[in-house]
Amino acid sequence: MNPPPEPATPDAEKTPAPAPAASPPIPAVGAAAAAAGEGAAPAAATPSRVTLRSDIRASWLDGLVALVVTAVVFVILFIRIKAETSSTLTVMPFMADTGAFWMYYLSQAFGWSALLWAWGTVIIGLLLSGPRPARLPLSGPRLERLHRTTSLNTIALIVAHALLFAAELIYQDTDAWPSRVGTAVLETFIPGGYNSGTGVWAMPIGQAALYLAIPLGLLFYVRHRIGPKTWRILHRFVLVVYVLSVWHTLLYGTNVWYDGAFRNTVWLLQLPIAALFLLRLLRPARRSERLASPSAHRGSKAGWSLRLTGRVAAVAIIGVLVAVIASGRDGGRTVPPEDTSSTHVHDD
């Protein structure tokens, strides 16, 4: 029997992710200051460079919290399945057997926590790269370190989500072990390998989020080799990873399969990100990124037009989000199909 249909990213999936540093760039100087403020010896003349190893060591508490949140989400998903209140059962009625499909629900739980951690990483990144509030619960260096550790844990959560999904495929398959593993790897990690229903589009989107999140998140630790300017340009694409993660979730997350409170909550969470992104564009930290009048602009007209277009697009996105949240509809699924068997085919 082919395994249950679900994304290789969070059921609120991949997301996203993020994925580390899913937000506008952290200035290299600020990052170095964060490292110096938290770990370097006071007598050192030059602050020690932030390393991947030091951030991994510093991420244990954030990672522990992420695991606790994942466990809570798993329990909630489990209870909703048992109570038959989850839309997952409308999409895939056979998954009411929690004993057989517990690994699938654990994969979903990791997906949701990955999306939540990616969301937090984006929020922190936007706060660091734009105008900061007068009062923050953490100092600048500590906030920068938190941004880096949440980024690393987001990657770990996404990878765990994908690996558990693959493990579920292997567990549910009845073929020989080499065939099981090969099929699971193909459907989970190879774009185009999953060819059932909505997964034809949702899976490659989630896979793209995963494969972009890892290098973009880790580039921070080699920025001194590629140059701060190159790193800042590449780092901005982390926001694309987060968008892919949310898109993957809305397309393929069975908990948010139909219009309703859960799906609307996913949209609602995007509003603060859109608002902070617009604020960052209107009041950038770097003077060179500010939008002057056309006559005062020193660069090319195309550059000025691009910056203006970005600000207009951000305003439009906020308008769309408000409309979707207010109406509770995003043009997606509103009524369960009469025959869900045509959406996800499972051969015995």
Side-chain angles (χ1 to χ4, degrees), residues 5-23 87-88 91 107-108 110-123 125-126 154-155 157-159 161-162 165 187-214 216-217 236-260 262-274 276-277 313-314 316-325 327-334 343-344:
E6 241 343 87
T9 9
D11 177 319
E13 328 222 355
K14 272 183 204 168
T15 55
S23 50
S87 60
T88 296
V91 183
S107 172
Q108 282 190 323
F110 271 101
W112 279 111
S113 56
L115 189 65
L116 180 60
W117 251 246
W119 179 86
T121 301
V122 173
I123 291 290
L126 288 168
T154 299
I155 293 178
L157 292 168
I158 293 175
V159 171
H161 165 72
F165 179 74
E187 295 190 352
T188 304
F189 298 106
I190 308 300
Y194 197 92
N195 57 8
S196 174
T198 312
V200 171
W201 297 103
M203 292 291 283
I205 291 172
Q207 288 158 350
L210 170 63
Y211 296 140
L212 286 174
I214 295 174
L216 288 175
R236 289 169 181 169
F237 286 95
V238 177
L239 197 57
V240 175
V241 175
Y242 179 74
V243 172
L244 290 173
S245 301
V246 175
W247 190 6
H248 172 79
T249 298
L250 293 172
L251 271 179
Y252 218 43
T254 55
N255 304 122
V256 291
W257 195 261
Y258 304 109
D259 286 335
F262 286 101
R263 191 175 179 91
N264 213 38
T265 299
V266 174
W267 284 109
L268 183 62
L269 286 173
Q270 311 319 311
L271 200 53
I273 288 180
L276 284 173
F277 181 63
I317 290 171
I318 291 177
V320 170
L321 287 174
V322 170
V324 168
I325 294 166
S327 65
R329 300 199 173 178
D330 57 11
R333 314 168 186 91
T334 54
T343 304
H344 300 286

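Atoms considered below: every heavy atom in the structure, side chains included; atoms not considered: hydrogens, waters and symmetry mates. Predicted model, so just to flag it, every value in this text is computed and none were measured.
- Within the structure, the salt bridge (Lys or Arg N to Asp or Glu O under 4.0 Å) test picks out no pair touching residues 188-208 (sequence neighbours left out).
- Going from atom CG of L210 over to atom CD1 of I205 covers 14.0 Å, rounded to the nearest 0.5 Å.
- By the side-chain contact (heavy atoms from CB on, under 4.5 Å) test, L271 pairs with I318, L321, V322, I325, sequence neighbours left out.
- Here the closest non-hydrogen pair linking S87 and V256 is OG-N, 4.2 Å.
- The minimum heavy-atom distance linking G199 with P204 is given by the pair O-CD, 3.5 Å.
- Nearest heavy atom pair, residue A213 against residue V241, reads CB-CG1, 3.7 Å.
- To the nearest 0.5 Å, the span separating CG on L250 from CH2 on W267 amounts to 5.5 Å.
- Taking the six-membered ring for Trp and thresholds of 30 and 60 degrees, W257 and Y252 have ring planes inclined between 30 and 60 degrees apart.
- I317 and A274 get closest at one heavy-atom pair: CG2-CB, 4.3 Å.
- Taking all atoms of both residues into account, the shortest heavy-atom contact from A208 to L244 is CB-CD1, 4.0 Å.
- If you take CZ on F262 and CH2 on W112, they are separated by 8.5 Å, rounding to the nearest 0.5 Å.
- Taken from CZ in F110 to CH2 in W117, the straight-line distance is 11.5 Å, to the nearest 0.5 Å.
- Rounding to the nearest 0.5 Å gives a distance of 11.0 Å between CG of L216 and CG of L239.
- Each of I273, V266, L269 was checked for a side chain to side chain contact (heavy atoms under 4.5 Å, CB included) with V246, and the lone residue meeting it is V266.
- To the nearest 0.5 angstrom, T249 atom OG1 is 4.5 Å from L115 atom CG.
- The stretch residues 246-260 participates, sequence neighbours left out, in these salt bridge (Lys or Arg N to Asp or Glu O under 4.0 Å) pairs: D259-R263.
- Heavy atoms only, all atoms of each residue included: A114 and I158 are closest at CB-CG1, 3.7 Å.
- Applying the 6.0 Å contact sphere to OH of Y211 captures more than 12 heavy atoms from other residues, nucleotides or ligands.
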